[in-house]
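Just so you know, these numbers come straight off a predicted model, no measurement behind them.
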Amino acid sequence: MKERPKRRLCALFRTGLLILLGGIMMTNLFGCGKAAYAVDYRGQKSDYLDARDSYKAGSRVRLLYTMVGTDTDYSFYLDGEELSARYDEKKAGFRVEFTMPDHDVQLECRAVCSMVRTAIDPDDESEDAMLLDLYTSAVATDGGDGSTEWVLYAYSGVQLKLIVYRQDAETDTETRTTYLVPYAALSRCLAVIDEENMRHWDDAQALDGEEGAVTVCKFREPDGSYARVTSEAMPPDGSRAFSRIREVLQSYATDAYKQ
């Protein structure tokens, strides 16, 4: 008779434990019950600090856009609707915030370079004006000289056209692929040009050529003229500048922008 209270306590404990475990399982199954949904950054995820692939519905998403260039205006759109973003001087980036809806979303940054606006007459040659051209060719290969060329053209108020030409050395055939990309593609290239001081390479005292390959970059200036730099006459670390521009252009030559 003395053991019955203990048995009852054990039974109550087991019942409480089962209820608790059941509650935990239901929480795992249904969420606290909010599902996570994906964010499509239009190929620009790396431009946001600590951006994630998905967020729970109803959560507050706070992002910092850090790929900020000079002479460029930025705007941000969630599923086509413009967001209010403010520039943070201390963080050197735009703070973008929104509440995650209960579906997958597309977040887009549109960057328009004011240098392009001043260089192009919108009533005359705004469409298809060449803004930047990066050409690279392997030299003296057994099967011939293969080459790749990335060309940025003006296209619309919020997009540029990127055309990639590839010449196959063995078959001597050329392929052409077209992408519609944000203005950020040009802004990032111009930022590299400024950081690497490429506009003043002609004034450099020590110019070296590059063996085995030729790379040429041509870009439009605000007055409508073109500047041209080549690996045949560049500073000792000039190949780094070409590589950085190539990496920027390649980051936009993806299926997300392909036409």
Side-chain angles (χ1 to χ4, degrees), residues 43-44 46-47 66-72 111 113 115-116 119 128-155 160-170 172 174-254 256-258:
Q44 298 173 275
S46 61
D47 295 345
T66 57
M67 191 56 65
V68 180
T70 57
D71 302 313
T72 305
C113 181
M115 292 180 65
V116 176
D128 293 332
M130 196 278 283
L131 305 175
L132 183 139
D133 185 322
L134 181 70
Y135 171 87
T136 182
S137 173
V139 178
T141 58
D142 293 338
D145 298 342
S147 65
T148 304
E149 185 174 14
W150 296 265
V151 189
L152 277 174
Y153 297 95
Y155 179 74
L160 301 178
K161 184 187 297 182
L162 171 63
I163 300 181
V164 182
Y165 304 88
R166 287 188 170 88
Q167 185 79 29
D168 188 277
E170 295 184 359
D172 197 31
E174 183 181 77
T175 61
R176 166 179 167 156
T177 310
T178 302
Y179 307 87
L180 291 183
V181 303
Y183 267 84
L186 178 63
S187 299
R188 293 172 65 182
C189 289
L190 293 176
V192 173
I193 288 170
D194 288 337
E195 291 166 10
E196 299 288 349
N197 202 32
M198 295 176 74
R199 289 186 173 85
H200 303 287
W201 277 11
D202 289 342
D203 302 330
Q205 295 181 353
L207 296 173
D208 292 335
E210 183 177 22
E211 295 183 3
V214 174
T215 304
V216 178
C217 184
K218 186 177 180 181
F219 49 92
R220 187 159 180 157
E221 298 281 27
D223 62 2
S225 63
Y226 287 93
R228 180 182 182 274
V229 292
T230 172
S231 60
E232 295 178 311
M234 65 180 181
D237 57 353
S239 59
R240 178 187 62 199
F242 289 127
S243 295
R244 291 181 63 192
I245 293 176
R246 186 182 303 114
E247 289 172 2
V248 170
L249 296 173
Q250 284 179 333
S251 71
Y252 291 98
T254 65
Y257 299 106
K258 191 174 181 180

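Taken from CG in L134 to CG in L152, the straight-line distance is 9.5 Å, to the nearest 0.5 Å. Here the CD atom belonging to Q250 is positioned 12.0 Å from the CD1 atom belonging to I245, to the nearest 0.5 angstrom. Atom CE of M67 sits about 6.5 Å away from atom OG of S46, to the nearest 0.5 Å. Between R199 atom CZ and I193 atom CD1 the span is 6.0 Å, to the nearest 0.5 Å. Rounded to the nearest 0.5 Å, atoms NZ (K161) and OH (Y155) are 6.5 Å apart.
In this structure, S243 contributes its side chain and S239 its backbone to a donor-acceptor pair below 3.5 Å.
Residues satisfying the side chain to side chain contact (heavy atoms under 4.5 Å, CB included) criterion with V248, sequence neighbours excluded, are R188, C189, Y252. Taking the side chain to side chain contact (heavy atoms under 4.5 Å, CB included) definition, one finds that Y226 meets it with M130, K218, R220, sequence neighbours left out. T136 is linked by a side-chain hydrogen bond (donor to acceptor under 3.5 Å, both in side chains) to T215, counting only residues two or more places apart in sequence or in another chain. Residues meeting the side-chain hydrogen bond (donor to acceptor under 3.5 Å, both in side chains) test with T175, sequence neighbours left out: none. Every side chain to side chain contact (heavy atoms under 4.5 Å, CB included) that V164 has, sequence neighbours left out, goes to T148, W150, L162, R166, Y179, A253. R240 meets the side chain to side chain contact (heavy atoms under 4.5 Å, CB included) test with E196, D237, R244; sequence neighbours excluded.
Contact detail for W201 and A241: the closest heavy-atom pair is CZ2-CB, 3.9 Å.
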Take M234 and V229, measure what side-chain contact (heavy atoms from CB on, under 4.5 Å) needs, and give me the verdict at the end. CA-CA 8 Å; M234 65 180 181; V229 292; over 6 Å; no
